[in-house]
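Beneath this line is the structure, given in structure tokens, with notes to follow.
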There are 2 protein chains.
Amino acid sequence: MAGAGQPTIDEVARLAGVSRGTASRVINGGAHVSPAAHEKVLKAIEELQYVPSRAARSLVTQRNDAVALAISDANPRLFTEHPFFSEVIVGIDTVLAESDLELMLVLGASVRERNRLRRQLSSRRVDGIMLLSLHGEDPLYELAEQADVPVVYGGKPLGVEPPHYVDADNRGGARQAVEHLVTTGRQRIATVTGPMDMDVGVARYHGFRDALGSAGLPAHRVANADFTAASAVRAMADLLDRFPDLDAVFVAADSMAAAALGVLHERGRRIPQDVAVVGFDDRATALTTHPPLTTVHQPVQALGAEMAKMLLSLMAGRPAGHADPAHAAGHPAIDVAQFTVTENECVARPVPPFQSSKPASTSISHHEFWR
Amino acid sequence: MAGAGQPTIDEVARLAGVSRGTASRVINGGAHVSPAAHEKVLKAIEELQYVPSRAARSLVTQRNDAVALAISDANPRLFTEHPFFSEVIVGIDTVLAESDLELMLVLGASVRERNRLRRQLSSRRVDGIMLLSLHGEDPLYELAEQADVPVVYGGKPLGVEPPHYVDADNRGGARQAVEHLVTTGRQRIATVTGPMDMDVGVARYHGFRDALGSAGLPAHRVANADFTAASAVRAMADLLDRFPDLDAVFVAADSMAAAALGVLHERGRRIPQDVAVVGFDDRATALTTHPPLTTVHQPVQALGAEMAKMLLSLMAGRPAGHADPAHAAGHPAIDVAQFTVTENECVARPVPPFQSSKPASTSISHHEFWR
DNA sequence: TTGAAAGCGATACCAG
DNA sequence: CTGGTATCGCTTTCAA
């Protein structure tokens, strides 16, 4: 503390033999500086190993060059069990890395953490906020509305329509998954749902109903779960108790599907001969189950990347950040991701993979992330 | 920008009818302030919804109240596939939440990100750094040494002994796993290793050798992998090609073990009758495989928590942060976590679970995390 | 116990 | 194109 301390811009300026103003100009942008001075300042910076103090800079620029990702979930186990979160983070980070923005991670599970988040939101510590995994009536929602920085939601909050969010077409994806089961001749199709206090849970459930409805099949074989493996085990067992005749299950997340497979094995069901299973979400889990899981692929990293891009646009003052016509037409900033059913052995008689049946509004493609 | 703006401490002071100095004293600590003034300031803060600017505060205090977690891995897929990272993050966050410290997450995969990290380290942006998952010769190692803030390593870097790190007893855990296989009568035991440019990979491999060595069994059935599922598939297939007679496999990570199981199934091996499998690491993956995986349980969240605690100690100026006698004796700050073999169906003839055979140096217990 | 004033390390404006 | 100066919002010393 009493030691050398980091070099300041004044020392740089002195060593370079220029004024502090000139040094500053070189550091940012470098416009309006003579080549000679430019050179000298650069050399001084190099020699002193100078790095500007971000605190000082923030104080005057009123920016922080940092954004926050808040993951609001009462259940930290979900965060560890569900690769979804890691993938979103990777997607976000990919975009952020290109902008020299730093990422603050806030896990909003406990009251303490929630307070911490509140403080971060209001202490001009970050220039933007991304909110992930909001449940119904989440206090974070209100909290974020009060923030004076842009907010982007990952996954539409239940029951409200925030100005800016990124979401996948969960309903359409689920519909595809179940349609796939119908196509392969299944008649008594059940579902293990996600949490019904989240839009993602409700939407996938609706997709399930959609598909069965238009196929003229009953849709009463339903058990709720909350994306944890434990809840899926309970739900699957429950389904088998109540509907021993079921011949297929759509499980609203791969991590849950893996757990459900265990229950099915235990109960002596052969897969896919007796019961076909389709999951939803990621790919890694799907491939290590036995048999490999048929699943609807969701480009989660792209979702994270899109969140970050949208936030950057907002921070830059651009309205929604999309050249997409669907959005320009007064549409809220939703990104409907394309889904692909990945055929694996969990469903008999595979048919060729097909794309989303959603007609338009799917113009944003992130091929670099897919697969 | 031209709008209201956040309230400043001056406005608080004015509204409370005191000087700025007094207001500041109330905000931090509240000592040497008359009860009357104290009260008034508090009310003004409440009324104005005042939150101090962290940038301004940092500028004068020279602290940031933030720490960084840098995850250096060239393969982002690992981060998403391996629940290990999420668990460490949760463990860290649990501790941090109690200290009002913020967490910056830096994924150090690309060159760009590495530069970003370098900048963060040297721009007094964080008060401490945690480094996770360093590979051999990782440039991050040198980088962190130059940082003028405390650094804690998660997992010992290969070949060097940094002043402060937290690690689990990977060698002992692996030894236990393999001893377990020996105990159940297996003779031709193979291993799928972790990356051999990381201490964790080498240590677990040594544990494998240790156990086979003292049992008088050969230890040549080895295939290397890098913790990804894809690499495990290759390694397992390779093992079966080279040693079709193997009757057990120790796989150095559960995520890899799950993948290996798939290969074994494919090749017609019955588990555990033909081949017994033991994994290492987490519990969630272990339970959703078929059959459920026998594994060595590692308290990963505790590891993360310990990293954070150690960093906090260092930041507070305390030498290593442990009352542990083993550490007081000039020992580096290693935390040897206890391991438990979790019995599942992947190994035949289960014996009662047993604890680590390591005698001492295991005094730190995080029972709240275990199980 | 309190108020006044001096910085912390940058940026940005404004004459020169 | 450059140098000086005000300023960002807070903590902290120093007198009173």
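Lettering follows sequence order; numbering is per chain, from 1.
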Side-chain-base donor-acceptor pair under 3.5 Å for B:R20 and C:dA4: no

Which part of the nucleic acid does [X] contact within heavy-atom distance under 4.0 Å: base, sugar-phosphate only, or nothing?
X     : value
B:N28 : sugar-phosphate
B:S24 : base
B:A37 : sugar-phosphate

Under 3.5 Å, side chain of B:K43 to main-chain N/O of B:E47, donor-acceptor pair present? no

Taking the side chain of A:A56 as its heavy atoms from C-beta onward, which of C:dT1, C:dG3, C:dG9 lies nearest to it? C:dG9

Measure the spacing between CD of A:E11 and CD of A:Q6 and express it to the nearest 0.5 Å. 10.0 Å

When you compare the side chain of [Y] with that of [X], does any pair of heavy atoms fall below 4.5 Å?
X      : Y      : answer
B:D65  : B:D100 : no
A:L312 : A:L101 : yes
B:M104 : A:L103 : no

N or O in side chain of B:S34 less than 4.0 angstrom from C:dT2 OP1/OP2: yes

Residue-phosphate contact under 4.0 Å: B:Q62 side-chain N/O, C:dG9 OP1/OP2: yes

Which residue, B:V60 or B:R25, contacts DNA chain C at a nucleotide closer to its 5' end, judged by nearest heavy atom? B:R25

Earlier contact from the 5' end, DNA chain C, for B:L59 and B:H38: B:H38

For [X] and [N], what is the distance between atoms [atom1] and [atom2] respectively, to the nearest whole Å?
X     : N      : atom1 : atom2 : value
A:R14 : C:dA10 : CZ    : C1'   : 15 Å
A:R57 : C:dC8  : CZ    : P     : 19 Å
A:H32 : C:dA15 : NE2   : C1'   : 16 Å

Are B:E161 and B:Y165 linked by a side-chain donor-acceptor pair shorter than 3.5 Å? yes

Shoot me the first and last contacting nucleotide of DNA chain D against chain B, ordered 5' to 3', at under 4.0 angstrom to non-hydrogen atoms. D:dG9 to D:dT13

Please say which of A:I129, A:I92, A:V152, A:L96 ends up in a side chain to side chain contact (heavy atoms under 4.5 Å, CB included) with A:V67. A:L96

